[in-house]
Amino acid sequence: MSSQTVFGNFIAGSFEQASDVLANINPSDLSDVVGEYGHSSAEEAGAAIDAAKASAPAWAASTPQARFDVLDAIGTEILARKEEIGRLLSREEGKTLPEGIGETNRAGQIFKYFAGEALRPGGEKIPSIRPNVDVEIIRQPIGVVGIITPWNFPIAIPAWKIAPALCYGNAVVFKPAELSPACGWILADIISRSGLPGGVFNLISGAGRDVGNAIVIHPDVAGVSFTGSQAVGHEVATQCVARHAKVQLEMGGKNPLVVLDDADLDKAVAVAVNGAYFSTGQRCTASSRLIVTDGIHDRFVAAVIENIKSLKVGNALDPDTQIGPVVSDDQLQKNLEYIEIGSSEGATLAHGGERLTLDTDGYYQAPALFTDTRPDMRINTEEIFGPIASVIRVSDYEEALAVANDTEFGLSSGICTTSLKYARDFQSRAEAGMVMVNLPTAGVDYHVPFGGRKGSSYGSREQGTYAAEFYTTVKTSYISS
Ligand code: NAD
């Protein structure tokens, strides 16, 4: 195990000290400092962008084999070290150890997937409408890509942006979130050994308003892939569009789970509890609105409360823990405020919501369930991003669907039913980028498109072959002999 405690940036193929550092604190145990990570300046971000720009043409001209080798090597090392990296992830972010290891595993698989994609470059050659002319359509890299990520998936989200960026021949400037920079640094360390030429990938840690903004406004950054809150996403998009840079946003959610009278009760409860509370509810795809029809409502609510009473909240590294801590004091205070807001709006706090005092000093909160809520309450319209869900009672499927769609967000939408008719109808009419039938709204595959509609997303989809849309630009050539 390394004894290094101060971690800087990775620029032009070298690790460098940052001009300033910030402590990365374990939310399960506030006495545990994970390390000190770069709190860099806009000027340092400029140096990372210059390095990316200088290296971009050679990487754009690299062979599919070279790209495969690099991405495969990164994936192999992540998978080989998934227990260790997963532990670091859980320590800095607070999700449970199995969740941390699972996320790391997924990051490794994503690099392996895009290693394969590097060997499958597309392109078309078709006859022109003119005689003796051929038309060739190819995809080319866009150049320097800025990657800005949130704290809640500190290795999977960077992986699903960095892997396709490199796969399609771009150079990268990556800024991890302030609250979970350790996984980003580990990724840079692994990439530094992968055979990737210096400068093609750069890590620059720091605050969004300094480093993040410097990336977003820089004229040499051809595109920005951002995941985070709606407010910041809006600002990022406005600045990118103003200078005609490409931009891709994945933002918040207020994801509905509809439970119909004919649902398998045990399955519906398991789906709801997993979707609402696992990863401490800190998932953009979390089920925060449980929309339940009259006939099953009372049995469903009673069973969910029974289930969440038995959930063990605790230190993320404790093997018995099912729900880890909230990520930070700010987020915990926000969650507690929403508990007040829900109660003052007239909702019934049926269970949980209080701060918990455990053996280690951390940001622990009991999973909360509100009942007797109305769709227009703030707890049902605003993203909270914590272990808090509310039940909305409806009379039938049509009302459930209308309530599910009545939101400015549109990321993931779920239904629990044994009716093929309702499942198919919901799949067609749910206003969301992803639909789940008898499955939690959170929890997706890595080889298919990910993203939402309305206020949740902007621009082209991430992941799978659809990722090429953002990380490439199309060139059409006409050739005559
Ligand atoms: P955030 O918007 O506060 O920060 C996201 C990133 O943007 C961070 O790296 C931050 O430093 C940076 N940033 C902040 N201000 C910036 C600026 N002015 N210019 C450029 N960059 C800036 O979000 P967060 O609190 O880290 O993450 C939680 C949010 O992320 C939630 O809203 C959640 O729903 C969303 N999220 C969405 C998805 C998805 O795929 N849809 C996945 C995970 C998280």
Side-chain angles (χ1 to χ4, degrees), residues 22 37-40 42 45 92-95 103 106 146-161 173-181 183-184 203-218 221 224-240 242 245 247-255 279-288 326-332 334-335 382-386 407-412 432-434 441-444 446 449-463 467 470:
L22 267 186
Y37 289 84
H39 185 54
S40 314
E92 75 166 342
E93 197 271 351
K95 62 184 64 171
E103 186 187 328
R106 181 174 171 194
I147 289 176
I148 299 176
T149 57
W151 49 263
N152 66 326
F153 283 95
I155 195 154
I157 293 180
W160 83 51
K161 294 179 189 295
V173 177
F174 163 47
K175 190 202 90 63
E178 296 94 308
L179 285 172
S180 54
C183 286
L203 166 82
I204 176 101
S205 299
R209 65 181 174 280
D210 305 325
V211 170
N213 186 252
I215 293 170
V216 170
I217 63 175
H218 201 291
V221 175
V224 175
S225 182
F226 168 90
T227 300
S229 62
Q230 224 186 12
V232 176
H234 178 76
E235 207 177 310
V236 167
T238 306
Q239 289 170 318
C240 284
V247 63
Q248 173 182 61
L249 310 175
E250 287 301 341
M251 300 169 288
K254 196 70 196 172
N255 308 290
S279 296
T280 324
Q282 299 177 147
R283 294 187 284 190
C284 52
T285 47
S287 322
S288 47
V326 171
V327 72
S328 66
D329 189 42
D330 280 356
Q331 184 64 51
L332 178 62
K334 182 178 171 191
N335 295 350
E382 298 171 14
E383 184 186 51
I384 302 173
F385 220 56
T407 167
E408 63 170 314
F409 296 104
L411 191 54
S412 182
M434 296 174 290
T441 52
V444 296
Y446 64 84
F450 176 95
R453 296 184 183 177
K454 302 200 278 191
S456 288
S457 301
Y458 180 79
S460 53
R461 286 284 186 268
E462 302 203 71
Q463 303 199 50
F470 179 75

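For ligands, and for the atoms within them, numbers begin at 1 and follow the listed sequence. Heavy-atom basis, side chains included; hydrogens, waters and symmetry copies ignored. In this chain, residues are counted from 1 in sequence order. These numbers were taken from a predicted model, which means no experiment stands behind them.
- Each of the following atoms of ligand 1 lies closer than 4.0 Å to a heavy atom of Thr227: 5 (C), 36 (N), 37 (C), 38 (C), 39 (C), 40 (O), 42 (C), 43 (C), 44 (C).
- Cation-pi geometry between Lys161 and Phe226 is not met at under 6.0 angstrom from the ring centre and within 45 degrees of the axis.
- For atom 35 (C) of ligand 1, the closest non-hydrogen atom on the protein side is Gly228 O, 3.2 Å.
- For residues 149-160, the set of pairs meeting the salt bridge (charged side-chain N to carboxylate O under 4.0 Å, His left out) definition, not counting sequence neighbours, is empty.
- Of the heavy atoms in Ile215, none comes closer than 4.0 Å to ligand 1.
- When the side chain to side chain donor-acceptor pair (under 3.5 Å) test is applied to Glu250, the partners found at least two apart in sequence or on another chain are Ser457.
- Within the 4.0 Å heavy-atom criterion, neither part of Gln230 lies near ligand 1.
- Of the protein's non-hydrogen atoms, Met251 O, 3.1 Å is the one closest to atom 37 (C) of ligand 1.
- With a 4.0 Å cut-off on non-hydrogen atoms, Leu179 does not touch ligand 1 at all.
- Nearest non-hydrogen protein atom to atom 18 (N) of ligand 1 is Glu235 OE2, 3.4 Å.
- Between Glu408 and Gln230, the side chains place a donor N or O and an acceptor N or O closer than 3.5 Å (distance only, hydrogens not considered).
- Distance from atom 44 (C) of ligand 1 to its nearest protein heavy atom, with residue and atom name: Asn152 OD1, 3.3 Å.
- Judged by the shortest distance from any of its heavy atoms, Ile157 lies inside the 4.0 Å radius around the atoms of ligand 1.
- Atom 22 (C) of ligand 1 has its closest protein heavy atom at Gly208 CA, 3.4 Å.
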